[in-house]
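Here is the structure we will look at, set down as structure tokens.
Remember, it's 1-based here, ligands and their atoms both numbered in the order they're listed.
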Amino acid sequence: METETYNPFLNAQKQFDSVAELLNLDSGTRELLRRPMKEQHFTIPVKMDDGTTQVFQAYRIKHNDARGPAKGGIRFHPQETADTVRALSMWMTWKCAVVDIPLGGGKGGVICDPHNLTKAEQERLCRGYVRQLYGQIGPVLDVPAPDVMTNGQHMLWMMDEYEKLMGGHFPGVITGKPVGMGGSLGRTEATGYGVIYTLKGLLEYMNLPAANTTASFQGFGNVAEYAARMYTELGGTVIAVSCWDQEDAKSYTYRKLAGCDIDELVSIKNTFGSIDKNKAQDLGYEILPGDEWICQEVDILIPAALENQITPDTCAQMSPKVKIICEAANGPTTPDSDAILQSKNVVVLPDFLCNAGGVTCSYFEQVQCNMNYFWSKEEVLEKLEYSMTNAFAAVNELAQDKKLSLRDAAYVIAINRVVDAVKLRGWV
Ligand code: NAD
């Protein structure tokens with residue numbers, strides 16, 4: 001979320017401007033791509049269970065759809081801002097382009113705290129969101145998905161409202177639906193596995209067998225769990241994971257130097273990705289302060305929880321052993337840390353490439369919905385591995401060729417693809 005010192009939209013524009021300079025883009029193309037093409041700001045009146053009406057502020061922002069229908073989640077959050085949604089819509093454009101899926105970038109949000117809404121109120125909010133937007137979203141226009149504090153149930157209510165208004169079945173209007181109701185097998189695993197498919201490519205390039213490496217994670221939610229599973233399947237050793245403890249209102253790091261047993265940790269975590277401290281202690285885990293995950297003597301750090309965790313201050317606390325930062329979360333590294341990491345020879349796998357497995361699988365969901373024919377989990381994961389491996393290989397090749405960081409190389413590929421699309425369409 002936006003803070004006094006960190007405005008995500010200004011940050012997204014800064015990143016774009018520096019690559020635009022590198023690519024020597026003309027001024028018209030820069031103007032078009034450095035801000036969203038279309039913004040909808042609207043209110044949603046919701047009848048509350050007690051008979052009163054509450055009015056919620058909501059957004060749907062399309063950054064660019066030259067490569068295909070816009071794609072991006074809808075967040076429910078009390079601190080949602082138009083600038084957060086703008087930045088996320090822009091990052092979605094680059095994310096879809098870097099993995100070469102034929103979709104553009106969009107994002108939505110509602111300023112609300114779903115913890116304070118009953119299930120019936122949440123349903124009315126979801127249906128209200130679609131009533132305000134139904135002419136603007138759709139399988140060939142703009143395809144929303146779940147994001148922070150929204151889930152498959154919210155998506156299903158939205159799809160149902162859209163179908164009622166449009167008079168037909170349109171499961172391709174929205175992704176992240178439950179399996180059996182238009183959802184795709186493999187979506188749960190997709191982001192975490194995608195993270196490791198890209199990491200695997202990097203390890204191979206660096207000539208580092210996964211089995212000789214150790215890793216420390218921030219977060220143990222959906223992304224971290226599946227990333228940790230696949231990383232250990234490749235032979236890697238996870239020595240620490242940190243997560244939030246709701247009861248103590250702080251985070252802890254759980255460490256086992258001999259290697260964490262991921263199944264064991266999953267069996268003692270709740271649905272919010274919080275590990276039971278007492279059970280972890282009984283199982284022999286050391287319990288350290290939450291920030292300690294970043295100070296561990298490991299080869300790979302995997303931030304998989306929050307934004308702005310790798311800062312100049314935390315860079316100073318990192319072990320000299322760290323070789324790779326694998327950005328599973330969105331925006332975990334502040335822009336002023338990239339140069340510090342480069343000077344320490346730490347390779348950063350950039351977020352919009354590394355965690356693009358989720359949107360890639362959402363694209364597969366949309367394709368399956370539009371065909372009304374669903375693939376096996378093996379087929380989904382095979383296609384996912386192919387997409388992520390190819391995307392990493394292309395980025396790495398360009399980075400080596402032009403002596404760029406992986407982040408800059410990923411931006412160059414993504415922005416060039418979008419530039420080609422807007423030029424071929426004759427927009428600029
Ligand atoms: P999640 O809600 O399932 O898990 C979040 C985890 O972070 C939990 O384990 C929680 O305890 C932990 N956490 C929260 N505050 C913490 C703190 N202060 N210190 C340590 N741990 C803390 O979320 P997720 O779906 O796994 O997403 C994680 C990140 O990945 C986010 O940045 C998200 O935007 C990004 N992402 C997710 C997807 C996806 O498909 N889920 C796709 C792309 C990017």
Side-chain angles (χ1 to χ4, degrees), residues 1 8 71-77 80 84 87-88 91-92 94-96 98-99 105 107 109 114-115 145-152 155 175-176 183-184 186-195 198 216-229 240-255 262 265-266 268-277 280 287-294 296 301-310 314 326-333 349-365 384 388:
M1 296 291 125
K71 184 90 196 79
I74 299 171
R75 299 156 68 118
F76 284 178
H77 200 283
E80 192 64 279
T84 310
L88 290 163
W91 283 322
M92 282 307 294
W94 313 140
K95 193 181 283 201
C96 294
V98 80
V99 284
K107 205 77 184 186
H115 294 109
D147 204 285
V148 174
M149 288 204 267
T150 51
N151 56 37
M155 297 306 110
T175 61
S184 175
R187 178 63 186 88
T188 312
E189 298 86 349
T191 307
Y193 281 8
V195 165
T198 56
S216 171
F217 279 75
Q218 184 187 44
F220 200 55
N222 167 265
V223 177
E225 173 187 333
Y226 287 97
R229 282 184 187 281
V241 305
S242 75
C243 63
W244 186 252
D245 187 292
Q246 192 65 30
E247 215 170 274
D248 297 356
K250 59 180 179 176
S251 57
Y252 291 106
T253 299
Y254 299 87
R255 182 171 76 176
I262 304 305
L265 281 180
V266 170
I268 58 166
K269 79 164 183 172
N270 65 18
T271 51
F272 301 105
S274 296
I275 292 169
D276 184 316
K277 195 160 70 281
I287 301 184
L288 310 171
D291 299 344
E292 290 276 322
W293 74 278
I294 209 166
Q296 299 306 307
L301 289 174
I302 309 189
L306 307 169
E307 300 153 356
N308 298 331
Q309 298 304 294
I310 318 270
T314 57
C326 190
E327 294 185 334
N330 282 319
T333 307
L349 256 175
D351 51 1
F352 69 101
L353 166 67
C354 182
N355 68 30
V359 72
T360 304
C361 195
S362 290
Y363 163 60
F364 295 158
E365 175 178 338
L384 179 70
M388 298 301 294

Look at atom 7 (O) of ligand 1 and say which protein heavy atom is nearest, naming residue and atom and giving the distance to 0.1 Å.
Ala305 CB, 3.3 Å
Could you tell me whether Trp244 and ligand 1 have an N or O pair separated by under 3.5 Å?
yes
Nearest to atom 5 (C) of ligand 1 by heavy atom, Gly221, Ala190, Pro146: which?
Gly221
Would you kindly say whether Thr175 and Lys71 are connected by a side-chain donor-acceptor distance under 3.5 Å?
yes
Which of the ligand 1 atoms, numbered from 1, are nearer than 4.0 Å to a heavy atom of Leu306
15 (N), 16 (C), 17 (C), 18 (N)
Please write down residue, atom name and distance for the protein heavy atom closest to atom 19 (N) of ligand 1.
Ser251 CB, 3.3 Å
Answer yes or no: does an N/O atom from Arg187 fall short of 3.5 Å to an N/O atom of ligand 1?
yes
Using a heavy-atom cut-off of under 4.0 Å, does the side chain or the backbone of Ala328 touch ligand 1, or both, or neither?
backbone
Taking 4.0 angstrom as the limit and counting only heavy atoms of Val223, give me the atoms of ligand 1 inside it, by number and element.
24 (P), 25 (O), 26 (O), 27 (O), 30 (O), 37 (C), 38 (C), 39 (C), 41 (N)
Counting heavy atoms only, name the option from Ala145, Ala304, Cys243, Ala227 that's nearest to atom 28 (C) of ligand 1.
Ala304
Look only at the side chain of Thr253 and the backbone of Pro289, and say whether a donor-acceptor pair between them is shorter than 3.5 Å.
yes
CA sep, side-chain torsions, deciding dist, call: Met388, Val99, side-chain contact (heavy atoms from CB on, under 4.5 Å):
CA-CA 7 Å; Met388 298 301 294; Val99 284; 4.1 Å; yes
Atoms in ligand 1 flagged as close to Gln218, the criterion being non-hydrogen separation under 4.0 Å
19 (N), 20 (C)
From the candidates Trp293, Phe272, Phe352, Phe217, the one that places a heavy atom nearest atom 10 (C) of ligand 1
Phe272
Between the side chains of Glu327 and Thr333, is a donor N or O closer than 3.5 angstrom to an acceptor N or O?
yes
Examine distances only and state if a side-chain atom of Asn270 and a backbone atom of Ser274 form a donor-acceptor pair shorter than 3.5 Å.
yes
Over all atoms of both residues, closest heavy-atom pair of Ile275 and Tyr254
O-OH, 3.5 Å
Would you tell me which option among Asn222, Thr271, Asn330 has the nearest heavy-atom contact to atom 3 (O) of ligand 1?
Asn222
Starting from atom 20 (C) of ligand 1, find the nearest protein heavy-atom neighbour and note its residue, name and distance.
Ser242 OG, 3.4 Å
Region of Gln246 that comes within reach of ligand 1 [heavy atoms, distance under 4.0 Å]
neither
Criterion salt bridge (charged side-chain N to carboxylate O under 4.0 Å, His left out) on Glu247 and Lys277, from CA distance to verdict
CA-CA 10 Å; Glu247 215 170 274; Lys277 195 160 70 281; 5.6 Å; no
Would a distance-only check, ignoring hydrogens and angles, find a side-chain to backbone donor-acceptor pair under 3.5 Å from Thr150 to Ile74?
yes
Are Lys95 and Phe352 in a cation-pi setup, meaning NZ or CZ lies under 6.0 angstrom from the ring centre and within 45 degrees of the ring axis?
no
Is ligand 1 under 4.0 Å from a heavy atom in the side chain of Thr191, in the backbone, in both, or in neither?
side chain
Without swapping roles, check the side chain of Thr84 against the backbone of Glu80 for a donor-acceptor pair under 3.5 Å.
no
Is there a donor-acceptor pair under 3.5 Å between the side chain of Gln309 and the backbone N or O of Glu307?
yes
Compute the shortest N/O to N/O distance between Ala329 and ligand 1 and return yes if it is under 3.5 Å, no if not.
no
Is the contact between Asp351 and ligand 1 made by the side chain, the backbone, both, or neither, using heavy atoms and a 4.0 Å cut-off?
neither
